[in-house]
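The residues of the chain are indexed from 1 along the displayed sequence.
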Amino acid sequence: MKLPSLPTLLSFNGGYVDTLGFLSLSGLFTAHVTGNFVTLGATMAHGLDGAWSKLLALPMFCVIVFVSRLACLKIQGTGRSPIRPMLVVKLLLLVAVAAMSFVYGPFNGDHSKITLAVALILVSAMAIQNGLHKAHLAKAPPSTLMTGTTTQIMLDLADILANPKSDEIAAAKARVKKMGAAVITFAAGCGIGAAGFMFAPFLAFSLPAILAIVALFASSAAAES
């Protein structure tokens, strides 16, 4: 049985974790962290829960991306690829969240220190995924932010329609196929994340850790920069 590629697993995980975090942690975006500026404004306007996690998400994300990049450069300096070592770190963070979910879950977006810790650990895990993808899997579409990907798909489709005989059409069709698959995979992750929140709130936080284990054995050759 052939495993999904690493970018495919990361895209699914991005949609799943962002949706599950949003539903469980008072509207927190754990992967698309800049979206928390909007939800923080809504929290302040309507008196909703989760202000601290939304306020701390971006600084935490930035620190982890910075530190993980330094670690990647250190690993590269030894002649090794940093992809698998950083995936192991991400796995450990997701295992910690799964364990906390079993002990303290289900989470309902309250103000407890446990919920805040879960939120920031998930943000840290997704920061590693974002940084690793941007620096070392640059040939694959982004795994957490689909706005730019969707925009490129629409631009390519317009080019294909307007210039069906252009020499660039083959490249545009290839991009549409690759990016379309990423968007569909991300959307599937969103849907299953919502289902996990509704039907298995204790177990839902375990799937990202399972996916992280599978990712250790998935191929990244076609996506590495």
Given the rule that I, L, V, M, F, W and Y join up when any side-chain heavy atoms are under 4.5 Å apart, are [X] and [Y] in one cluster?
{"X": "Ile128", "Y": "Leu70", "result": "no"}
{"X": "Leu23", "Y": "Phe199", "result": "yes"}
{"X": "Val103", "Y": "Leu120", "result": "yes"}
{"X": "Leu87", "Y": "Val67", "result": "no"}
{"X": "Leu6", "Y": "Val183", "result": "no"}

Side-chain heavy atoms of [X] within contact of [Y], under 4.5 Å:
{"X": "Val65", "Y": "Cys62", "value": "no"}
{"X": "Ser24", "Y": "Phe197", "value": "yes"}
{"X": "Ser68", "Y": "Leu132", "value": "no"}
{"X": "Phe205", "Y": "Phe107", "value": "yes"}
{"X": "Asn13", "Y": "Lys90", "value": "yes"}
{"X": "Ile192", "Y": "Phe12", "value": "yes"}
{"X": "Thr19", "Y": "Phe29", "value": "no"}
{"X": "Met146", "Y": "Ile153", "value": "no"}

For [X] and [Y], which heavy atoms make the closest approach, and how far apart are they?
{"X": "Pro7", "Y": "Ser219", "value": "CD-O, 4.1 Å"}
{"X": "Gly14", "Y": "Met126", "value": "CA-CE, 3.8 Å"}
{"X": "Met100", "Y": "Ala117", "value": "CE-CB, 3.9 Å"}
{"X": "Asp18", "Y": "Ala31", "value": "OD1-N, 2.8 Å"}
{"X": "Ser220", "Y": "Leu137", "value": "CB-CD2, 3.8 Å"}
{"X": "Lys139", "Y": "Lys178", "value": "O-NZ, 3.2 Å"}

Pairwise distance [atom1]([X]) to [atom2]([Y]) - rounded to 0.5 angstrom:
{"X": "Thr30", "Y": "Phe61", "atom1": "OG1", "atom2": "CZ", "result": "10.0 Å"}
{"X": "Leu155", "Y": "Ile160", "atom1": "CG", "atom2": "CD1", "result": "11.0 Å"}
{"X": "Phe186", "Y": "Thr144", "atom1": "CZ", "atom2": "OG1", "result": "7.0 Å"}
{"X": "Leu93", "Y": "Leu122", "atom1": "CG", "atom2": "CG", "result": "9.0 Å"}
{"X": "Gln76", "Y": "Ser81", "atom1": "CD", "atom2": "OG", "result": "7.5 Å"}
{"X": "Met154", "Y": "Thr150", "atom1": "CE", "atom2": "OG1", "result": "7.0 Å"}

Test item: side-chain donor near acceptor, Gln129 and Ser143, under 3.5 Å: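 Present: a donor and an acceptor within the cut-off.
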
Between Ser5 and Thr8: side-chain donor-acceptor atoms closer than 3.5 Å: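 Yes, side-chain donor-acceptor contact under 3.5 Å.
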
Donor-acceptor pair, side chain of [X] and main chain of [Y], under 3.5 angstrom:
{"X": "Tyr16", "Y": "Ser11", "result": "no"}
{"X": "Ser101", "Y": "Phe202", "result": "yes"}
{"X": "Arg84", "Y": "Leu216", "result": "yes"}

Stepwise side-chain contact (heavy atoms from CB on, under 4.5 Å) check, Leu25 with Leu20: CA-CA 8 Å; Leu25 304 170; Leu20 184 60; over 6 Å; no

Counterpart residues, side-chain contact (heavy atoms from CB on, under 4.5 Å), relative to Phe217 (two or more places apart): Leu3, Ile213

Residues that Leu9 engages under side-chain contact (heavy atoms from CB on, under 4.5 Å), provided they are two or more places apart: Pro4, Leu211, Val214, Ala215, Ala218

side-chain contact (heavy atoms from CB on, under 4.5 Å) between Thr115 and Tyr104, intermediate numbers included: CA-CA 9 Å; Thr115 303; Tyr104 300 105; over 6 Å; no

Worked check of side-chain contact (heavy atoms from CB on, under 4.5 Å) between Leu94 and Ile210: CA-CA 9 Å; Leu94 294 176; Ile210 295 171; over 6 Å; no

Working for side-chain contact (heavy atoms from CB on, under 4.5 Å), residues Lys134 and Asn130: CA-CA 6 Å; Lys134 182 72 174 178; Asn130 273 281; over 6 Å; no

